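One structure is given below, encoded as structure tokens.
Predicted model, so just to flag it, every value in this text is computed and none were measured. Proteins come first, then strands; the chains are lettered A, B, ... in the order of their sequence lines, and each starts at number 1.
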Amino acid sequence: GAVVSQHPSWVICKSGTSVKIECRSLDFQATTMFWYRQFPKQSLMLMATSNEGSKATYEQGVEKDKFLINHASLTLSTLTVTSAHPEDSSFYICSASAGTSGRTDTQYFGPGTRLTVL
Amino acid sequence: LAKTTQPISMDSYEGQEVNITCSHNNIATNDYITWYQQFPSQGPRFIIQGYKTKVTNEVASLFIPADRKSSTLSLPRVSLSDTAVYYCLVDNYGQNFVFGPGTRLSVLP
């Protein structure tokens with residue numbers, strides 16, 4: 001149980017184009033989904049938190065107009081990198097939490113998406 | 001947010017027990033302790049979670065003293081495939097995950 005998938009697993013795009021990454025919780029309903037970015041040899045950095053049906057909350061320093069997050073259903077969240085540039089090249093990882101009240105809820109992570117912007 | 005401190009790296013040999021300790025002096029009453037494992041170019045994988053005393057599952061044990069200011073992840077009889085980065089996180093309701101640098105475990109033959 002608690003499987004999270006991401007698609008695509010890797011993508012290469014030209015500078016200036018937009019790229020959409022999907023994150024799905026396959027066997028549970030995720031009230032909250034998180035998006036992280038990880039550069040080589042570094043730790044994960046939280047970009048934003050999204051709750052189903054509401055606007056995402058972005059971490060300080062993350063451009064919300066550049067990284068568009070949509071959490072339209074309890075099993076799907078998307079991250080769109082708009083007008084991508086080479087410095088956006090990174091490993092993007094999503095996670096999902098069932099968000100049951102009364103106790104902490106573990107985040108389950110997707111396999112990640114490697115974005116390379118040429 | 002409870003900040004965590006772990007050793008940056010550890011080396012071990014196959015078949016040995018590995019203990020990775022994490023300090024979280026400012027842990028709050030409602031915080032749980034969660035450990036993740038991450039291989040290169042993969043998302044973190046949940047290992048174990050606990051609140052106090054000892055928790056054991058099929059892959060690891062988690063020891064938490066009474067003051068909860070630290071925790072120790074114990075991996076019994078490690079193999080080469082356990083070479084990875086291990087992250088300790090503390091948070092309340094899975095909402096405030098802040099990843100530190102983690103511990104890079106290298107298992108040698």
I'd like to know whether NZ of A:Lys66 has more than 12 heavy-atom contacts from other residues, nucleotides or ligands below 6.0 angstrom.
yes
Counting only heavy atoms not in B:Tyr13, do more than 12 fall under 6.0 Å of its OH?
no
Relative to chain B, which segment of A:Gln6 carries a heavy atom at a distance below 4.5 Å: side chain, backbone, both, or neither?
neither
Check whether A:Thr75 reaches the backbone of A:Ser25 with its side chain - one donor and one acceptor, N or O, closer than 3.5 Å.
no
Compute the ring centroids of A:Phe34 and A:Phe109, then answer whether they are less than 6.0 Å apart.
no
For the candidates B:Pro40, B:Pro44, B:Gly43, which exhibits the highest count of non-hydrogen atom pairs separated by less than 4.5 Å from chain A?
B:Pro44
Contact part of B:Tyr36 toward chain A, heavy-atom cut-off under 4.5 Å: side chain, backbone, both or neither?
side chain
Part of A:Leu44 lying under 4.5 Å from any heavy atom of chain B:
both
